Amino acid sequence: MKKAPLIILMCCLGIVAALVWAAITVETTASLAKPHALQSSMQTSGGMQRDLGIWAPGVVVGVLTLVAAAAAFSLGVKRTATRGIAVAAGLSLIAFTGMMLAQRNYAGAEIHAVSGWFTAPVNWLLFGLGIFPAAYVGVWVFGFRRWIFSPEDQAKFDSLLERSRSGENRKGGE
């Protein structure tokens, strides 16, 4: 029996728990508010520190989502493909963790540094989470004939199709 459905179920339950955790977490945005520089009747948010209050539940939701996605990808492949899927999942988790750590540092900083055209969290998002999950595509494209639909599977399908057609001919198919 495959473990992927159980992993997906556990990840979904964990995501729900993390969302409940985030919902009951006390946010401190009111204490960070300060008067607006130009409009005395307005207040500003006080910075990105408000995001740090729910940073940990966000990390949990992201990690569990990536693990559930890897488990879902493993449902349609032969057992030998799980190594490639695990590598793709590992790369995605590294990119996600890097992005979240960069976001925590970015939100806590007073001065926001830019590298290239983007800030560090955006770089991790574009060049990490945008590229590393392409490893899943590599697993499916380059391993398709070995792990997903092999020549033996094609022969079995052809024989079932031929048997089905010959059964229709015996019945006087319409």
Side-chain angles (χ1 to χ4, degrees), residues 1-23 25 48-109 112-165:
M1 179 179 140
K2 284 200 165 230
K3 295 177 184 175
L6 182 61
I7 292 171
I8 294 170
L9 174 66
M10 297 307 292
C11 287
C12 288
L13 292 175
I15 289 169
V16 169
L19 291 175
V20 169
W21 174 24
T25 299
M48 295 179 62
Q49 292 86 357
R50 68 187 184 279
D51 296 336
L52 297 177
I54 57 169
W55 182 83
V59 170
V60 171
V61 168
V63 167
L64 290 176
T65 301
L66 290 172
V67 170
F73 276 118
S74 72
L75 285 173
V77 298
K78 291 181 174 57
R79 192 173 194 96
T80 57
T82 55
R83 183 185 310 170
I85 291 172
V87 168
L91 291 173
S92 298
L93 285 168
I94 288 169
F96 178 77
T97 304
M99 180 189 72
M100 291 303 288
L101 291 173
Q103 175 63 24
R104 186 177 65 185
N105 293 336
Y106 181 79
H112 301 292
V114 175
S115 58
W117 291 295
F118 307 110
T119 60
V122 175
N123 282 332
W124 275 102
L125 175 70
L126 291 176
F127 304 118
L129 282 178
I131 295 172
F132 284 174
Y136 289 116
V137 175
V139 168
W140 280 81
V141 170
F142 298 118
F144 187 80
R145 284 305 210 181
R146 285 182 292 165
W147 299 323
I148 298 157
F149 195 71
S150 66
E152 294 84 22
D153 296 332
Q154 180 68 46
K156 185 176 179 181
F157 175 75
D158 290 339
S159 71
L160 289 171
L161 186 61
E162 187 60 39
R163 208 169 11 153
S164 172
R165 287 184 181 156

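In this text, all values refer to a predicted model and were calculated from it rather than measured experimentally. Nothing fancy with the numbering, it's 1 onward along the sequence.
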Taking T65 for the side chain and V61 for the main chain, is one N or O donor matched with an acceptor at less than 3.5 Å? yes
Compile the donor-acceptor pairs under 3.5 Å between side chains in residues 85-98 and protein atoms, sequence neighbours left out, one pair per line.
from: S92; atom 1: OG; to: A88; atom 2: O; distance (Å): 3.0
from: T97; atom 1: OG1; to: L93; atom 2: O; distance (Å): 2.7

Restricting to pairs with a member in residues 81-91, which pass side-chain hydrogen bond (donor to acceptor under 3.5 Å, both in side chains), not counting sequence neighbours? none
Evaluate the side-chain proximity of P121 to N105: yes if any heavy-atom separation is below 4.5 Å, no if none is. no
Nearest-0.5 Å distance, CD of residue E152 to CD of residue Q154: 11.0 Å
Geometric class of the Y136/F73 ring pair [parallel <30°, tilted 30-60°, perpendicular >60°]: parallel
Measuring from atom CD1 of I131 to atom CG of L125, what distance do you get when rounded to the nearest 0.5 angstrom? 11.0 Å
From R165 atom CZ to L161 atom CG, the distance as rounded to the nearest 0.5 Å: 4.0 Å
Just by modelled atom types, is the S150 backbone N or O under 3.5 Å from a matching donor or acceptor in the D153 side chain? yes
Filter on side-chain hydrogen bond (donor to acceptor under 3.5 Å, both in side chains), then keep only pairs touching residues 118-133, sequence neighbours left out; what's left? S115-N123
Would the number of heavy atoms belonging to other residues, nucleotides or ligands and lying under 6.0 Å from CZ of F149 be above 12? yes
Supply the atom-to-atom distance W55 CH2 to M100 CE, rounded to the nearest 0.5 angstrom. 6.0 Å
Hey, could you give me the CD1/CG distance between I8 and L64, rounded to the nearest 0.5 Å? 12.5 Å
Could you please spell out the steps behind the side chain to side chain contact (heavy atoms under 4.5 Å, CB included) verdict for I7 and C11? CA-CA 6 Å; I7 292 171; C11 287; 4.2 Å; yes
CG (L9) and NZ (K3) are apart, to the nearest 0.5 Å, by 15.5 Å
